[in-house]
Protein chains: 2
Amino acid sequence: MATEELIGRVLASSEEPFTSVIDAVQGLLDDSTIDASAPPIGVAEAAKLVGLSPHTLRYYEQQGLVRPARNASGYREFTAFDLRRLVFLARMRLSGMTIHDLKRYISLVDQGASTIPERRRIMFDQRDRIKRQLRELTLALETTEYKIRAYDGHPEG
Amino acid sequence: MATEELIGRVLASSEEPFTSVIDAVQGLLDDSTIDASAPPIGVAEAAKLVGLSPHTLRYYEQQGLVRPARNASGYREFTAFDLRRLVFLARMRLSGMTIHDLKRYISLVDQGASTIPERRRIMFDQRDRIKRQLRELTLALETTEYKIRAYDGHPEG
DNA sequence: GTAAAGATTCGAGTGCGCTCGAACGCAAGG
DNA sequence: CCTTGCGTTCGAGCGCACTCGAATCTTTAC
């Protein structure tokens with residue numbers, strides 16, 4: 001599908017440096033960035049890495065979306081596996097998937113390979129939602145840039 | 001700026017027909033679609049046109065975001081002006097601008113041309129937010145399509 | 001004339017996703 | 001030993017944007 005390349009070009013055309021939350025997630029895009037043999041990290045460091053708050057990480061665990069191990073004194077230990085899961089969750093949340101639907105999806109993951117057809121369907125729907133959002137956002141961008149041009153004295157109409 | 005053309009191509013590459021809420025807003029993209037000399041319409045029809053619920057339109061009026069006239073029996077009458085305002089509001093909402101910020105913006109509009117510099121600043125910030133969201137959404141799309149490929153037997157990795 | 005459909009206002013309720021506060025436990029530095 | 005600071009759990013609270021229910025009025029169709 002050609003969509004990826006085109007969007008890649010759109011991204012490349014953004015002249016501003018990446019800022020805020022997305023940076024962290026961006027840094028974890030490919031698994032190579034997460035060293036699978038690295039020692040597990042605490043909740044604060046994990047939160048910083050994935051761009052969420054420690055509170056939110058605990059909340060996600062409480063909802064059954066991640067299951068970090070605990071050390072001898074009960075502290076959470078996030079492994080590379082957990083971090084990859086968190087990055088996935090963060091991206092799905094940012095694209096509008098609800099906690100409810102993520103719980104459903106993760107529970108399917110927990111049930112093993114037999115649930116792959118349903119997981120695939122969920123990802124299909126998610127893809128459609130994201131594409132719709134891209135269209136909506138693009139309209140909003142056009143509207144916004146139109147206003148800016150107008151406020152700048154609409155040199156070209 | 002090259003961004004618009006590129007995003008246009010991304011949009012053109014979407015093979016699915018447009019569905020749901022965005023359709024209505026899409027239909028109203030350019031002002032030519034709204035006949036300025038057309039008679040005003042009621043709340044139900046206006047809601048359908050802009051893709052919001054009648055409840056939401058009343059809520060927006062209550063928040064001071066639109067001010068449709070009333071007929072002899074107190075029914076709202078949305079003019080082309082009101083509809084354009086609603087389309088603007090719908091797009092800003094869909095791109096994540098809050099009601100709070102929209103109230104601020106509209107109150108500046110009400111105060112006249114002297115507030116243009118601040119309105120321009122608001123639209124600048126909004127544009128940056130939208131571009132960030134486009135990047136986030138694109139990452140989510142990549143992740144989603146990666147999952148789909150994996151579930152389809154990851155033929156290319 | 002009367003019933004159904006759709007409009008009005010008002011305040012209250014809902015759902016989502018955090019976010020926080022309180023009370024407490026553990027680890028490292030001086 | 002003691003403080004400082006991050007960790008824990010739990011339940012409650014919050015902010016946002018609707019969304020709804022109830023009581024009432026208007027318009028339309030028969």
Side-chain angles (χ1 to χ4, degrees), chain A residues 20-21 24-25 39-79 82 86 88-106 129 133 136 140, chain B residues 20-21 24-25 39-78 82 86 88-106 126 129 133 136 140:
Chain A
S20 87
V21 169
V25 180
I41 60 180
V43 71
E45 199 177 345
K48 194 163 292 181
L49 264 176
V50 302
L52 300 170
S53 75
H55 275 310
T56 301
L57 263 47
R58 294 190 194 103
Y59 170 70
Y60 283 2
E61 179 181 8
Q62 185 190 313
Q63 297 301 310
L65 298 177
V66 269
R67 271 178 228 73
R70 302 302 182 102
N71 69 14
S73 37
Y75 285 28
R76 287 168 181 80
E77 296 192 323
F78 291 88
T79 64
D82 298 318
L86 284 175
F88 171 73
L89 294 171
R91 291 207 184 137
M92 293 304 103
R93 285 292 302 121
L94 281 172
S95 59
M97 194 166 180
T98 64
I99 296 284
H100 178 91
D101 287 354
L102 280 170
K103 282 160 88 166
R104 169 86 186 131
Y105 180 84
I106 295 296
R129 265 192 301 276
Q133 283 183 76
E136 292 169 349
Chain B
S20 86
V21 168
V25 181
I41 60 180
V43 70
E45 200 178 342
K48 195 164 290 180
L49 264 177
V50 302
L52 300 170
S53 76
H55 274 309
T56 301
L57 263 47
R58 294 190 193 105
Y59 170 70
Y60 284 3
E61 179 181 8
Q62 185 190 313
Q63 297 302 308
L65 298 176
V66 268
R67 272 179 228 76
R70 302 303 183 101
N71 69 14
S73 39
Y75 285 28
R76 287 168 182 81
E77 295 192 325
F78 290 88
D82 298 319
L86 284 174
F88 171 72
L89 294 170
R91 291 207 185 137
M92 293 304 102
R93 285 290 305 120
L94 280 172
S95 59
M97 195 167 180
T98 65
I99 296 285
H100 178 91
D101 288 353
L102 281 170
K103 283 161 87 166
R104 169 87 186 130
Y105 181 83
I106 294 296
Q126 176 64 3
R129 265 193 301 278
Q133 283 183 76
E136 293 169 349

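Lettering follows sequence order; numbering is per chain, from 1. Side chains are part of it too, since the values below use all heavy atoms of this structure and drop only hydrogens, waters and symmetry mates.
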Taking all heavy atoms of I99(A) and all of Q63(A), pick out the closest pair and write down the distance. CG2-CG, 4.4 Å

Just by protein heavy atoms under 4.0 Å, how would nucleotides 11-26 of chain D read 5' to 3' in B, S and -? ------BB-B-----B

Would you say a side-chain N or O of R58(A) is under 4.0 Å from OP1 or OP2 of dT8(D)? yes

Is there a side-chain contact between R58(A) and H55(A), using heavy atoms and a 4.5 Å cut-off? yes

Given atom CZ of F78(A) and atom C1' of dT8(D), what is their separation to the nearest angstrom? 13 Å

Decide yes or no on side-chain hydrogen bond (donor to acceptor under 3.5 Å, both in side chains) for S95(A) and Q133(A), but give the supporting numbers first. CA-CA 8 Å; S95(A) 59; Q133(A) 283 183 76; 5.4 Å; no

What integer distance in Å separates Q63(B):CD from dG11(C):C1'? 14 Å

Starting at atom CD of E77(B), determine the distance to atom P of dT8(C), rounded to an integer number of angstrom. 11 Å

Could you state the interatomic distance from OH (Y60(A)) to CG (L89(A)), rounded to the nearest 0.5 Å? 7.0 Å

d(CD1, I41(A); C1', dG7(D)) in whole Å: 15 Å

What is the nucleic acid contact for R76(A), judged by heavy atoms within less than 4.0 Å: base, sugar-phosphate only, or nothing? sugar-phosphate

In whole Å, what is the span from the CE atom of M92(A) to the P atom of dC16(C)? 19 Å

Quick one: pull up CG in L49(A) and CD1 in I41(A) and give me the separation to the nearest 0.5 Å. 4.5 Å

Send over the distance from R70(A) CZ to dA27(C) C1', rounded to a whole Å. 17 Å

L57(A) has an atom CG; how far is it from atom C1' of dT8(D), in whole Å? 14 Å

Specify the separation, in whole Å, of atom CG of N71(A) and atom P of dG7(D). 11 Å

Gap separating the CE atom of M92(A) from the CG atom of L102(A), nearest 0.5 angstrom: 8.0 Å

